[in-house]
Each structure stands twice: as C-alpha cells, then as structure tokens.
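So you know, we letter chains A, B, ... as the sequences are listed, proteins then strands, and number each from 1.
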Number of protein chains: 2
Amino acid sequence: MQARELLQQHIAKTASLTEEQFEYLFSFFTPMSLKKGQTIISEGDKVDCEYFVVSGCLKAFFINDEIKMYILQFAMPTWWTSDYAALYNGTKATIHIDCITDAEILCLSNSDREKLCSALHPVEHFFRWRTNRGYIASQKRLLSLMNNDAKKRYEELLAQYPQLYNLVPKHLIAAYLGVSRETLSRLHTGQH
Amino acid sequence: MQARELLQQHIAKTASLTEEQFEYLFSFFTPMSLKKGQTIISEGDKVDCEYFVVSGCLKAFFINDEIKMYILQFAMPTWWTSDYAALYNGTKATIHIDCITDAEILCLSNSDREKLCSALHPVEHFFRWRTNRGYIASQKRLLSLMNNDAKKRYEELLAQYPQLYNLVPKHLIAAYLGVSRETLSRLHTGQH
DNA sequence: GGGGTTACGTGATGTACATCACATTCGGTT
DNA sequence: AACCGAATGTGATGTACATCACGTAACCCC
C-alpha cells in the first residue's frame with residue numbers, strides 16, 4: 001500500500017479529516033527509504049522528527065555501558081517511533097533507532113507536528129489518542145515485566161505479535177524481553 | 001491551596017484558557033474527600049472517572065494471585081490517576097486505587113473529558129501533553145527496571161521523590177520498585 | 001564456493017533476589 | 001499506660017536468571 005493511503009486510513013480510525021485537510025497534513029511528511037541495518041537515531045544526536053512506519057521493521061533500543069542492549073519497541077507498519085523524551089524536551093537522544101529490515105518511513109518534525117496540532121483540532125485529537133494507546137501499552141508491559149517470568153513474557157509477546165518469531169532474530173527478542181539470549185534459548189515454549 | 005486554584009495553575013502550564021473557559025471546564029469536576037485506606041477503584045469495577053489529586057497520596061496497584069502487589073503509580077498533588085486501560089476501553093478494572101493518606105481529589109468522567117476535549121481545543125492540547133509526559137515517564141521506568149538493580153532503582157526513586165521516604169511505608173516502596181520488602185530492607189543506601 | 005561474520009544451542013558456574021521464619025520496633029486505639 | 005496489629009530488620013535457604021565458555025549451523029559477500 002502507498003504511504004499516503006496507509007497514513008490516511010490510520011488517522012481516519014480516530015479523527016475525521018476532509019480530503020483537503022489530509023492533503024495539508026500530508027504535505028508536512030517526508031518519505032524515506034531505508035536499508036536493513038541503517039541507523040535513524042544514535043545516542044547523543046539532536047532529535048528533530050518522529051517516524052511513521054510504512055513498511056519494514058525498526059527497533060528502538062538503549063545501550064548500557066556499551067555492552068547490554070534493551071529494546072524499547074519494535075516498530076512495524078502503522079506504528080510511530082522516535083526518542084520522545086529527546087524530541088519533546090529538546091535534549092540529546094539517549095536511545096538508538098535502526099532498521100531490522102529494509103523499511104519505508106514518513107518523517108514528521110516536532111515543530112510541524114505542533115503546528116498541525118494547533119491548526120487542526122482533529123489532528124490534535126488523533127495525537128492525543130495515539131499517545132494514549134502508547135501509554136496504556138507501556139503500563140501493561142511494565143506490569144508484565146514485574147509480574148511474569150521470562151517464559152510467560154515470551155509467550156505473551158508471541159501471542160500478540162506472532163510475526164516477530166520469524167521476522168527478527170532471537171537475540172533481539174531477548175533484548176526486548178529483558179533476558180539474556182542464552183536464557184531465551186533455554187525456554188522451550190513449544191513454538192517452532 | 002484550593003482545588004480550583006491548583007487545577008487552574010496546573011492546566012495553565014500547558015494550555016491557555018480564559019477565566020470563562022476554565023469556569024466551564026471546572027464545572028465538570030466533582031470534588032471528593034477521602035480517608036486514609038479508603039478505596040477508589042477495585043479490580044472488576046466499572047471505571048467511569050479519572051482523578052486529579054489535590055492533596056494527599058494515592059496508590060494505583062495490581063494484585064497478582066491475591067498474593068503479590070505491584071504499585072504502578074504513587075499519585076501526589078497535581079498528578080492524575082485512574083485505570084486508564086479500563087477507562088478508555090470500557091473494560092472492567094484490572095488494578096486497584098486507594099488512599100495512602102487522607103486525600104482530596106477532583107473526579108472527571110471519561111465522557112465529560114471527551115466532551116471538554118471536543119468543545120475546547122486548548123483542553124485537548126492539555127490532555128495530549130499530560131499523557132505524553134506520562135508515556136515518557138513510563139518508558140523511562142521500563143528501562144530502569146530492565147537496566148538497573150534494586151539498589152540503583154531505589155536511589156533513583158528517592159532522588160526524584162525524596163518526600164516518599166517519610167510519606168509511604170517501605171513495603172509499598174518495595175512494591176513500586178518490584179522487589180520484596182526483605183530485599184529493600186537489606187539495601188542500605190546511606191539514607192535516613 | 002570457501003571464508004568469515006552472525007545467529008543459535010547448551011553445559012558449568014556465579015549471583016541477585018525471593019521466600020520462609022522469626023525477632024523487634026513502631027504507631028494507633030481504648 | 002497497656003495492648004495489638006502493622007511495619008521493619010535479619011538469618012538461612014532456594015531459584016531464576018546472568019555470565020562464561022564452547023560448539024555448530026546459517027547467511028552473506030567478495
């Protein structure tokens with residue numbers, strides 16, 4: 001599906017925009033094509049944009065002591081990603097974002113988003129709802145991390161996103177779950 | 001400080017409302033006085049409202065197998081709390097909220113919030129920013145939970161909210177950090 | 001298509017934390 | 001002041017997971 005059409009349908013789920021309004025909104029987005037392994041944000045970067053994923057899969061991750069990696073988010077089509085702390089506070093990036101597969105994305109700068117939110121009430125509504133869903137998902141993951149062991153978390157993840165099993169290497173799934181790759185390899189959940 | 005004044009100042013930080021607009025907004029809030037130990041939301045309840053804390057301290061927590069408790073949030077003055085997953089999805093509550101101390105709160109129903117967001121663009125802006133800050137804080141906590149040991153998390157919590165040390169019992173702090181009360185008691189961070 | 005990097009599996013061992021058990025202290029109630 | 005339950009400290013022991021070490025299989029890629 002075309003980037004434009006995908007974004008339009010995605011927004012239409014929570015906000016009603018006229019064709020003209022969407023045209024205006026879409027004019028602020030910059031499309032980009034990315035190769036597997038390509039970096040979008042590195043720690044220490046100035047962060048200007050957030051990204052809407054059209055195709056492919058990105059990962060947003062944190063690196064501790066240049067040794068351990070923790071994945072905050074796998075970003076798949078229709079998902080948004082960025083270093084939001086850096087983007088909203090105007091601070092330097094503390095996380096990295098790169099491509100797990102080839103990907104197409106749409107970039108929206110922080111200032112353009114704010115301009116759009118001011119200009120079009122429905123757009124502000126859309127972004128409130130989007131953040132809201134992210135917040136709720138994040139709270140849920142927090143609880144799961146405190147309450148469940150590695151095996152349960154793995155099963156939950158695969159139940160919710162079965163496509164991850166074949167799409168991303170296991171050591172990245174381990175980094176998302178917060179366990180070592182060796183531990184993940186020993187779980188044996190009955191999947192193949 | 002009066003509830004009304006506190007809410008007004010709180011909102012003014014991110015949205016400009018005329019006195020008249022704020023008057024309209026405030027008319028949708030219902031004040032409540034609560035006693036220490038009093039329950040606001042129990043697991044299984046229908047959730048209609050979110051709550052703005054005027055004074056006192058609440059806790060939002062999850063109970064696993066009727067044994068273990070995990071605290072999602074300590075809600076202090078000018079903080080908002082509810083079971084947002086239940087509130088937004090119209091599902092039954094999966095968490096509990098009660099009072100750690102006597103407290104005053106302002107209640108806003110889900111439908112009234114949506115009504116206000118539609119009627120007043122600046123109010124929608126305010127709620128977008130509020131959720132945004134919550135999302136960023138939640139991501140930060142997720143990283144801290146994966147990346148830091150119990151002692152480091154305890155020190156971070158006390159650095160950010162020193163008042164918690166004397167305000168809430170240690171076993172609740174342990175439940176927030178995701179460790180047992182015994183482990184917390186053995187940390188010895190140099191605090192008093 | 002051989003060579004090197006990356007992914008994955010699995011044993012041995014170490015460690016942070018949970019759990020159980022019990023003692024002690026604190027805070028509120030009559 | 002005396003009491004009782006809640007909160008806290010601390011030892012002994014168990015366990016989930018990390019870490020280290022090594023082997024093998026899969027995937028690029030000149």
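Across C/dC22, D/dC17, D/dC22, the shortest atom-to-atom separation from the side chain of B/Arg181 is found for C/dC22. Distance from the side chain of B/Pro169 is smallest for D/dA7 among the nucleotides D/dA7, C/dC17, D/dA18.
B/Gly178 comes within 4.0 angstrom of sugar-phosphate atoms only, judged by non-hydrogen atoms across all strands, and of no base. Within 4.0 Å (heavy atoms only), A/Lys68 reaches sugar-phosphate atoms of the nucleic acid but no base atom.
The two residues A/Lys152 and A/Asp149 have their closest heavy-atom pair at N-OD1, 3.0 Å. Listed here is the closest heavy atom pair of A/Pro77 and A/Ser55: CG-CA, 3.9 Å.
Protein atom CG of A/Asp149 is 17 Å distant from nucleotide atom P of C/dC17, rounded to whole Å. Computed from coordinates, the B/Met146 CE to D/dA16 C1' distance equals 18 Å when rounded to whole Å. One can place NZ of A/Lys36 at 11 Å from P of C/dT6, the figure rounded to the nearest angstrom. When rounded to the nearest whole Å, the span between NZ of A/Lys151 and P of D/dC17 equals 11 Å. Per the geometry, NZ belonging to A/Lys170 stands 14 Å off P belonging to C/dT10, to the nearest Å.
Annotation: of the two residues near DNA chain D, B/Arg186 and B/Leu172, the 5′-most nearest-nucleotide partner is B/Leu172.
Taking only side-chain nitrogens and oxygens, A/Thr183 comes nearer than 4.0 Å to OP1 or OP2 of D/dA18. For the OP1/OP2 pair of D/dT8 and a distance below 4.0 Å, the side-chain nitrogens and oxygens of B/Ser185 include no atom meeting the criterion. At least one side-chain nitrogen or oxygen of B/His171 sits closer than 4.0 Å to the OP1 or OP2 atom of D/dT8.
In this structure, B/Glu5 places its CD atom where more than 12 heavy-atom neighbours from other residues, nucleotides or ligands lie under 6.0 Å away.
You'll find a donor-acceptor pair under 3.5 Å spanning the side chain of B/Glu182 and the base of C/dC20, going by distance alone.
B/Trp79 has its ring centre less than 6.0 Å from the ring centre of B/Tyr161.
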